[in-house]
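Contents: one structure, followed by commentary.
So you know, we letter chains A, B, ... as the sequences are listed, proteins then strands, and number each from 1.
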Amino acid sequence: MIKITFPDKSVREFKDGTTGYEIAQSIGAMLAKDVLSISVNNELWDITRPINSDSEVKLHKWDDSEGKHAFWHSSAHLMAEALQELFPGTKFGIGPAIENGFYYDIEPGNGKVITEVDLQAIEKKMIELARLKSSYNRREVPKNEALNFFNKKGDYYKTELIGELEDGTISFYEHGNFTDLCRGPHLASTEPIKAVKVLSLAGAYWRGDEKRKQLTRIYGISFPKQKMLDEYLIQLEEAQKRDHRKLGKELDLFVFSQKVGLGLPLWLPKGARLRERLESFLKKVQVKYGYEPVITPHIGQKALYETSGHYAKYGSDSFQPIHTPAEGEEFLLKPMNCPHHCEIYKAKPHSYRDLPLRFAEFGTVYRYEQSGELHGLTRVRGFTQDDAHIFCRPDQLKDEFKKVIDIIFYIFKALDFKDYIAQISLRDKNNTEKYIGSDENWEKAEQAIVEACNEKGLKTTVEMGEAAFYGPKLDFMVKDALGRKWQLGTIQVDYNLPERFELEYIGQDNAAHRPIMIHRAPFGSMERFVAVLIEHTAGKFPLWLTPEQVVILPVSEKYNEYAKNVLNFLNNSDIRAVLDDRNEKIGKKIRDNELKRIPYLLIVGEKELESNEVSVRKQGHGDQGTMKLEEFAGFINSEIENMLNEIGS
RNA sequence: GCCGAUGUAGCUCAGGGGUAGAGCGCUUCCUUGGUAAGGAAGAGGUCAUGGGUUCAAUUCCCAUCAUUGGCUCCA
C-alpha cells in the first residue's frame with residue numbers, strides 16, 4: 001500500500017501502482033470523468049500512469065491550467081497524427097501546448113506547402129481520429145532505441161532533440177498510429193477532444209534560430225465541448241473589435257501613409273489631443289518627483305553613438321548616417337535620448353550635493369525596425385519616449401529606483417491597468433560578449449534592481465538574457481486585446497554609459513566619482529501606450545482623457561444659435577465640446593459611432609433656451625436633468641477632479 | 001528580413017477572362033411628437049502598382065509595394 005496526500009493534507013492509502021484516474025474514481029464518478037491530469041509530487045503526470053510510492057497529489061480538471069495543458073498537448077499529438085495521414089512524409093519538430101491552445105512545427109512531406117485551405121481538412125481529420133478514442137500510452141525507451149525509431153522514419157528533427165537528451169529520461173507517447181517523443185503528460189485517450197479549430201499558419205525557425213530552416217507552424221485550439229469552442233471564437237471576434245488599429249481609424253486618432261513611410265504614424269487632431277493629455281498628466285507627476293525638463297535635437301553626430309557603444313551594436317541595422325555637404329560629417333537620427341542627456345550632464349561640473357539630477361524629455365526617436373515587425377502603433381519606426389535619465393550617487397540608487405516604481409504604479413492606477421507583468425531582465429551569464437561593462441558593475445546593477453523590487457513588494461518574473469546591452473532592467477508588460485504582451489514602462493540601471501561618457505561628480509572627499517544612471521520611461525512610448533490604452537478601454541477613455549467630453553445637440557435648426565453659445569461657453573471653461581448641428585432627428589445622430597463614445601450629451605431646444613439651461617445625459621447613466629451652464633461646467637470639473645484625486649490617494 | 005494570407009466605393013466585404021455589386025456611411029427629398037426612427041432617389045471605384053499571357057485582364061501568371069498572422073529582432 002502507498003500513502004497518497006491530498007492538497008487539503010488528508011492522507012489515504014491506495015494499493016501500489018494505483019493511477020490518478022483510480023484515485024479520482026475513489027472520490028467520485030463525476031470527478032473521474034472530468035480529471036485530465038495529475039500532479040504527483042509537483043510533477044505533472046498522466047492520470048493513467050501508475051503511482052508506486054507515497055506521494056502528494058493534486059488532480060487537475062479543465063478549470064486548472066494544468067488540465068488544459070494536458071488537453072491541448074494531447075490535441076497537438078492528435079493534430080500530428082492527422083498531418084501524418086493527410087501529408088505522408090511530414091517531418092515533425094515540436095508541438096507544445098500554449099496559453100490558448102497548441103501548435104505543431106512541421107516540415108510537410110514532398111515539398112507540400114500547407115495553406116489556409118488545408119486547415120479545414122486537418123480539423124476534420126482530427127475530429128475523425130479523436131472519435132476513435134485511441135488511448136495515449138506512455139513508454140520509457142533507451143536512447144538507442146529512440147534514435148533508431150526516428151531514424152527509420154527519417155524524422156531528423158526528432159533525432160536532433162533526442163541526441164541532446166540523457167539516456168534514461170526519454171519517454172514516448174503513442175496513440176492511434178502516431179508515436180512521439182514527449183515528456184507528457186497526456187489525456188487518457190482522445191475521447192474528451194470534442195471540438196477542434198485549426199486557427200492559423202505561420203513560419204517558425206527551427207529551434208528559434210533564424211539561421212536554421214523555417215518550419216510550418218500550425219496553431220490550433222480544442223475543447224471538451226462544441227459550445228466552449230463557439231464561445232471562444234466569439235470572444236476572439238470581440239477582442240478583434242477592440243484592436244487599436246481598427247478603433248484608431250474609427251475614432252480618427254491616427255493614420256499611416258504609404259508616402260510618408262511605413263511605421264511612421266501621423267497623429268490626427270483627436271489623437272494628438274489624447275496624447276497631449278497623457279503628456280501633461282505625466283509632466284505634472286514628474287514635477288512632483290523633482291524632474292527637470294530638457295530638450296535635445298533629433299540628430300547627433302555619429303561619434304556620439306560611437307562613444308555610447310550604440311553605433312557598434314546597432315549601427316549597421318539602423319537608419320544610415322545623414323551626410324552634410326561638408327566632407328566627412330556624419331549625423332544619425334537619434335535612436336535614443338541617453339547620449340544627449342549624458343552630454344547635458346557633462347556640460348558643467350557637479351557636486352555630490354547636486355545629485356540626483358533628473359532630466360526628462362518627451363524625446364522622439366527613430367529606429368529601423370525590420371519591416372515584418374511593424375505593427376500598428378505598438379511597433380513603429382518613429383516614436384516618442386516619455387524618457388528621463390536620473391544621475392545619482394550609489395547611496396541614492398535604490399531609493400531613486402523605488403520612486404520610479406511609484407510613478408509607474410501611479411500611472412497604471414490612473415488608467416486602470418491591473419493586469420501587468422513586472423519582468424526583471426538580467427544578462428545571459430553564458431554569453432557575456434553581448435554586453436558592455438564590467439562583471440562587477442553588472443552584478444551591482446542587477447542586485448540593485450532585485451532589492452528595490454523586493455523592498456517594494458513587487459511580484460516579478462526574472463528573464464535571463466533579456467537585459468539591454470548596457471544594463472539590466474525592470475519592464476512592465478501589458479497584454480493587448482489579443483493577449484500579445486507588450487513592454488510599456490521600463491526602468492534600467494546603467495553603470496556603463498557614465499563610464500563611457502566619463503561622467504563625474506565631486507564627492508564629499510573632494511575626489512571625482514562616477515554617478516550611476518537610471519533610464520526610465522513609465523509609458524514606454526506614447527505610441528505603444530496609446531495603442532494599449534485604446535484596447536484596454538475599448539476606445540472609451542476615462543473622462544479626463546477623452547479628446548471630446550461633451551457633444552451638444554440642438555433639437556432643430558432654430559436652436560443652432562443657442563447651441564453655439566453653449567459651445568463657446570464650454571470652450572472658455574476648458575471643457576472639450578463638439579457641436580453636432582446637423583439638425584437631424586436626435587435618435588439618428590446618436591447612433592453615430594463617434595458620438596456614442598463621448599461621455600456627455602447636452603440637448604438644447606425650446607425649453608432649455610427659455611430657461612437658459614441644458615439637458616444633460618451621461619453615457620450609460622441616462623438623464624441627469626437640466627442644469628445652468630455654470631452648474632454643468634462645475635459638475636464636469638468636479639467629476640474630473642474626483643477621479644484624479646481618487647487615483648492620487 | 002523569413003514563412004503564410006490579403007489588397008474591389010469613405011467603412012465592412014461579395015464577385016469574376018468581355019471595363020463592376022451589397023450593407024453601412026454620405027448627398028437630396030418625404031414621413032416622424034424631444035432621447036439609439038422609417039422610406040425614396042442619387043453621388044462615390046484606372047478593382048494597390050508595374051510588367052506578361054490573351055482578340056480582350058479588375059479576374060490568369062510574374063515582380064514590386066502595402067497590410068496582416070506568426071518567427072527572428074526590439075538600444
So which protein nitrogen or oxygen atoms get under 3.5 Å of nucleotides 26-30 of chain B's nitrogens or oxygens?
none

Pull out every protein N or O sitting under 3.5 Å from an N or O of nucleotides 5-15 of chain B, one pair per line with the distance.
none

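Following rounding to the nearest Å, A/Ile106 (CD1) and B/rC71 (P) show an atom-to-atom distance of 17 Å.
Among the heavy atoms of the strands, none lies under 4.0 Å from A/Phe256. If you check every strand for non-hydrogen atoms under 4.0 Å, A/Arg617 touches a base. Residue contacts shown for A/Arg245 are limited to sugar-phosphate atoms, with no base heavy atom under 4.0 Å away.
Stem regions annotated for RNA chain B: B:1-7 with B:65-71, B:10-13 with B:21-24, B:26-31 with B:37-42, B:48-52 with B:60-64, counting only runs of 3 or more consecutive pairs of Watson-Crick or G-U type with both contacts under 3.5 Å.
Phosphate proximity of B/rU67 to A/His375: absent, as no side-chain N or O sits under 4.0 Å from OP1 or OP2. Between A/Arg207 and B/rC71 there is no side-chain N or O to OP1 or OP2 distance below 4.0 Å.
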For residues 113-121 of chain A, please give each side-chain donor-acceptor pair under 3.5 Å, one per line with the distance, not counting sequence neighbours.
from: A/Asp118; atom 1: OD1; to: A/Lys112; atom 2: NZ; distance (Å): 3.4
from: A/Asp118; atom 1: OD2; to: A/Lys112; atom 2: NZ; distance (Å): 3.2
from: A/Asp118; atom 1: OD2; to: A/Thr115; atom 2: N; distance (Å): 2.9

Which atom pairs, one a donor and one an acceptor, fall under 3.5 Å between side chains of residues 522-533 of chain A and the rest of the protein, sequence neighbours left out?
from: A/Ser525; atom 1: OG; to: A/Arg528; atom 2: N; distance (Å): 3.1
from: A/Glu527; atom 1: OE1; to: A/Thr384; atom 2: N; distance (Å): 2.9
from: A/Glu527; atom 1: OE2; to: A/Arg275; atom 2: NH1; distance (Å): 3.1
from: A/Arg528; atom 1: NE; to: A/Thr378; atom 2: O; distance (Å): 2.8
from: A/Arg528; atom 1: NH1; to: A/Gln487; atom 2: O; distance (Å): 2.9
from: A/Arg528; atom 1: NH2; to: A/Thr378; atom 2: O; distance (Å): 3.0

With a cut-off of 3.5 Å and sequence neighbours excluded, list every side-chain donor-acceptor pair involving residues 428-436 of chain A.
from: A/Asp428; atom 1: OD1; to: A/Asn430; atom 2: N; distance (Å): 3.0
from: A/Tyr435; atom 1: OH; to: A/Asp428; atom 2: N; distance (Å): 3.0

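Using atom P as the reference point in both B/rA20 and B/rG4, the two lie 34 Å apart (nearest Å).
Picking from B/rC73, B/rU35, B/rG69 the nucleotide with the shortest atom distance to the side chain of A/Ala202 gives B/rG69.
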